[in-house]
Amino acid sequence: MSSQSNSADDHLTEVPERHRETADAVIPEHTSLYIGGEFIDSDSGETFTTTDPTTNQKLASVARGTEADVNRAVEAAWDAFDTEWSGYDSGDRQRVLLEIADTIDAHTEELAQLETLDNGKPITEATIDIRSSAEQFRYFAGIVRENSGETMTDDTRYGQVITEPYGVVGQIIPWNFPLMMASWKLAPALAAGNCTVLKPAEQTPLSALRLAELIDDIVPDGVVNVVTGFGDEAGEPLTRHPDVRKVAFTGSTAVGKQVMKNAAENVTDITLELGGKSPIVIFPDVDVAKATQLISAAIFYNTGECCEAGSRLFVHEDVADGLLGALVDGIDAMTIGDPLLEETDLGPKVSTEQVDRTLEYLDAAREAGGEFLVGGDRPDDAALSDGCYVEPTLIEGLDHDHVAVQEEIFGPVLEVFRWDDYETMMELANDVDYGLAGGVITDDITQANRAARDIQAGYIWINSYHDLAPGLPFGGHKQSGIGRELSADTLDHYQQTKTINLSLR
Ligand code: NAI
Ligand code: MG
């Protein structure tokens, strides 16, 4: 592993300076709540700090929203729905969505830098996030005109099945892909004709606030509202609000369960995109170099902070030694360092809490006799000591029921299992509470399809990973969630069906 800085001194001066300068250029002017088209302070007047995980320096003070603010935002959203937005037809909404997409594209560099500062992800990956955020709006702009309802007629009746927006929806998003998750939520909600109250994660509120500034002139006041704050203070009131007709949540399974319970109070519709512990299955015919690249990206992309990360590797015995050796070599060649630099492969995790959480799993794995093929700690490079870095890690030899194998670590940690009997391997691959995604690597088309069907998960990649194309539904089986994003199904989740039955007698 190498870091970019030649000495700790360079990192101690150069990196903070680069981050400070970039922050001066891109931190949004408004870091308050965005309600009814206005940037306003929280009801309590309180703020919280969002930090830069590369330097552990403060980036900005952000309004600390609570129930009173959520109530104001929901009211503003209904007002916008009743007075203006419900009068926009699908063509009007399409134009708005396309304009948002163009605006995001026009600010790609700035938004990517902001994302890298607030989250720690490498700038190359942040840039991909921003581009795909714009694509979300374009995709839903495309399908919204097809959303035309159905009719069923016979001799005695003329039946129309139409869809209506919910009116006002609540959307709670995580910190791993801040703007992308905002887009996955906002684009279908607006396409379907809803107004929304969005709660960004407290670790990474800045890109959603910048987006609010950018779309202020495009979207009528109150159609999009952003309430920043903590989960229990600003998230929970949104899930319990009687006038919020649908809640969409992405985050941990534990909080997802809580959201579901709270939504039950008002029989509020929900969709949940939760955690994962996805298997990657390697057959003996693979090209080792290609497989190594795919596996490495599956687990180390975004520092392992991906719900769909391929975090359990099932490698066939015949190729295991070669493949694991190549994986370790690949890790040794990775550049870990300042995520603002193009050459960085792995940046810091989002927060010190996340580092501690990952290290706890690594300690538990060590105690249980796990063999660390590489990594296992914070990097000992002094140049990285200020940031939330964790080494890319491969662990072999854990029992499959160990906590580090069963639970989502959400860090750059891959657990390895060798197999020779397909049935036994598949039983283990499915022996987790999660079922978000999976990967199969082989050129044997029959084996590939068999494994893809056998893995109990909502999304399977054959010979790729992380490729999430709008149009292909994404979502979980088992405890990984309810509902689908990225597709026409998503539009359905933001609408309610109405049947109009006209008698012809
Ligand atoms: P979290 O589930 O607490 O946070 C996600 C979002 O939910 C944030 O906006 C948070 O403010 C909000 N939230 C928290 N408590 C809430 C409540 N009671 N009601 C409504 N909203 C609430 O996740 P956290 O604590 O940041 O991370 C813990 C673990 O969760 C991670 O280590 C990872 O394993 C998993 N996670 C999974 C994600 C995914 O994409 N599936 C994303 C983020 C975290
Ligand atoms: Mg931050």
Side-chain angles (χ1 to χ4, degrees), residues 19 23 27 31 48-62 64-65 67 70 114-121 170-178 180-182 184-185 197-209 226-241 244 247-263 270 272-278 302-309 311 348-358 360-361 387-388 407-411 413 434 436-437 474-476 479-481 485:
H19 281 237
I27 298 274
T31 54
F48 66 97
T49 296
T50 185
T51 54
D52 177 341
T54 308
T55 60
N56 270 315
Q57 298 291 310
K58 172 179 173 170
L59 282 173
S61 294
V62 177
R64 181 168 174 170
E67 184 167 5
V70 168
L114 188 58
E115 210 74 312
T116 290
L117 288 177
D118 212 3
N119 165 280
K121 64 176 64 205
Q171 306 187 300
I172 299 170
I173 56 170
W175 42 260
N176 52 342
F177 293 91
M180 217 169 97
M181 290 298 104
W184 283 28
K185 297 282 181 275
V197 178
L198 177 81
K199 209 235 26 105
E202 54 271 34
Q203 296 84 352
T204 56
L206 296 177
S207 56
L209 290 168
V226 180
V227 176
T228 47
F230 293 95
D232 52 346
E233 295 178 354
E236 190 169 323
L238 197 53
T239 64
R240 288 182 188 278
H241 200 297
V244 169
V247 171
F249 171 82
T250 299
S252 61
T253 294
V255 173
K257 290 178 184 178
Q258 199 55 49
V259 167
M260 203 167 173
K261 281 186 192 151
N262 293 341
I270 49 160
L272 304 171
E273 203 75 69
L274 307 176
K277 192 77 189 185
S278 301
N302 210 43
T303 324
E305 295 171 338
C306 300
C307 48
E308 80 280 10
S311 49
K349 295 208 71 195
V350 75
S351 64
T352 49
E353 289 79 14
Q354 274 296 318
V355 173
D356 294 345
R357 205 184 147 100
T358 301
E360 274 173 34
Y361 283 112
C388 299
E407 294 184 7
E408 182 176 52
I409 296 181
F410 230 57
V413 180
Y434 294 113
L436 189 56
F474 176 72
Q479 292 194 25
S480 288
E485 299 196 273

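Note that the structure is a prediction, hence the values are computed from the model and not measured. Each ligand, and each atom within it, is numbered from 1 in the order the structure gives.
- Looking only at distances, no side-chain donor or acceptor of T51 sits under 3.5 Å from a matching main-chain atom of K58.
- Protein heavy atom nearest atom 31 (C) of ligand 1, with residue, atom name and distance: Q354 NE2, 3.5 Å.
- No hydrogens or angles considered: a donor-acceptor pair under 3.5 Å links the side chains of Q354 and K349.
- Q171 places a side-chain N or O within 3.5 Å of a backbone atom of K185 that can act as its donor or acceptor partner.
- Checking atom 26 (O) of ligand 1 against the protein gives a heavy-atom contact under 4.0 Å.
- The shortest non-hydrogen separation linking L274 to C307 is O-CB, 3.7 Å.
- The protein heavy-atom contact nearest to atom 34 (O) of ligand 1 is E408 OE1, 2.7 Å.
- The O atom of D118 and the O atom of Q203 meet at the Mg ion (ligand 2) at an angle of about 100°, given to 10°.
- Nearest to atom 17 (C) of ligand 1 by heavy-atom distance, out of G304, G235, G231, is G231.
- Those atoms of ligand 1 that come under 4.0 Å of a heavy atom in A201, given as number and element, are 9 (O).
- Inter-residue side-chain proximity for N176 and V350 is flagged as unmet; no heavy-atom pair is nearer than 4.5 Å.
- Looking only at heavy atoms of the protein, atom 24 (P) of ligand 1 is closest to W175 NE1, 3.8 Å.
- Taking every heavy atom of G275 and a limit of under 4.0 angstrom, the matching atoms of ligand 1 come to 41 (N).
- For ligand 1, the atoms closer than 4.0 angstrom to any heavy atom of C307 are 39 (C), 40 (O), 41 (N).
- Classification of the F474-W184 ring pair by plane angle, with boundaries at 30° and 60°, yields perpendicular.
- When only non-hydrogen protein atoms are considered, atom 11 (O) of ligand 1 lies nearest to E202 OE1, 2.6 Å.
- Residues Y434 and E408 bring no donor and acceptor atom of their side chains to less than 3.5 Å of each other.
- Taking a cut-off of under 4.0 Å to the non-hydrogen atoms of R357, the atoms of ligand 1 that pass are 28 (C), 29 (C), 32 (O), 34 (O).
- At least one N or O atom of S252, backbone or side chain, sits closer than 3.5 Å to an N or O atom of ligand 1.
- Judged as a side-chain hydrogen bond (donor to acceptor under 3.5 Å, both in side chains), and not counting sequence neighbours, Q203 has no contacts.
- Residue contacts to the Mg ion (ligand 2): T51 brings an N, O or S atom closer than 2.8 Å.
- A salt bridge does not link K121 with E115: every distance from a Lys NZ or Arg NE/NH1/NH2 to an Asp or Glu carboxylate oxygen is 4.0 Å or more.
- Side-chain contact between H241 and L238 is absent, with no heavy-atom pair separated by less than 4.5 Å.
- Note: no N/O pair closer than 3.5 Å links T250 and ligand 1 by distance alone.
- Counting heavy atoms from C-beta on, the side chains of V244 and V197 never come closer than 4.5 Å.
- Looking only at heavy atoms of the protein, atom 44 (C) of ligand 1 is closest to F410 CE2, 3.9 Å.
- Residue contacts with ligand 1 do not include M181, since none of its heavy atoms lies under 4.0 Å from the ligand.
- Comparing V247, V255, L198, N176 against atom 3 (O) of ligand 1, the shortest heavy-atom distance belongs to V255.
- Near P174, meaning under 4.0 Å from any of its heavy atoms, are these atoms of ligand 1: 42 (C), 43 (C).
- Residue, atom and distance of the protein heavy atom nearest to atom 12 (C) of ligand 1 are I172 CG2, 3.7 Å.
- For the residue pair T250 and M181, the shortest heavy atom distance occurs at CG2-SD, 4.1 Å.
- Residue I173 approaches ligand 1 through these ligand atoms, each under 4.0 Å from one of its heavy atoms: 6 (C), 8 (C), 9 (O).
- Inspection of the T50 and D118 side chains reveals an N or O donor paired with an N or O acceptor under 3.5 Å.
- By the side chain to side chain contact (heavy atoms under 4.5 Å, CB included) test, N56 pairs with T352, C388, sequence neighbours left out.
- Between the K199 side chain and the V227 main chain, no donor and acceptor come within less than 3.5 Å of each other.
- Close approach to E236 involves these atoms of ligand 1, each under 4.0 Å from a residue heavy atom: 18 (N), 19 (N), 20 (C).
- Using a 4.0 Å cut-off to heavy atoms of F249, the atoms of ligand 1 that qualify are 2 (O), 6 (C), 7 (O).
- The shortest N/O to N/O separation between Q258 and ligand 1 does not fall below 3.5 Å.
- Polar contact with ligand 1: present for L274 (N/O pair, distance under 3.5 Å).
- Counting heavy atoms closer than 4.0 Å to ligand 1, residue E305 contributes nothing at all.
- When only interatomic distances are considered, the shortest N/O to N/O separation between D232 and ligand 1 does not fall below 3.5 Å.
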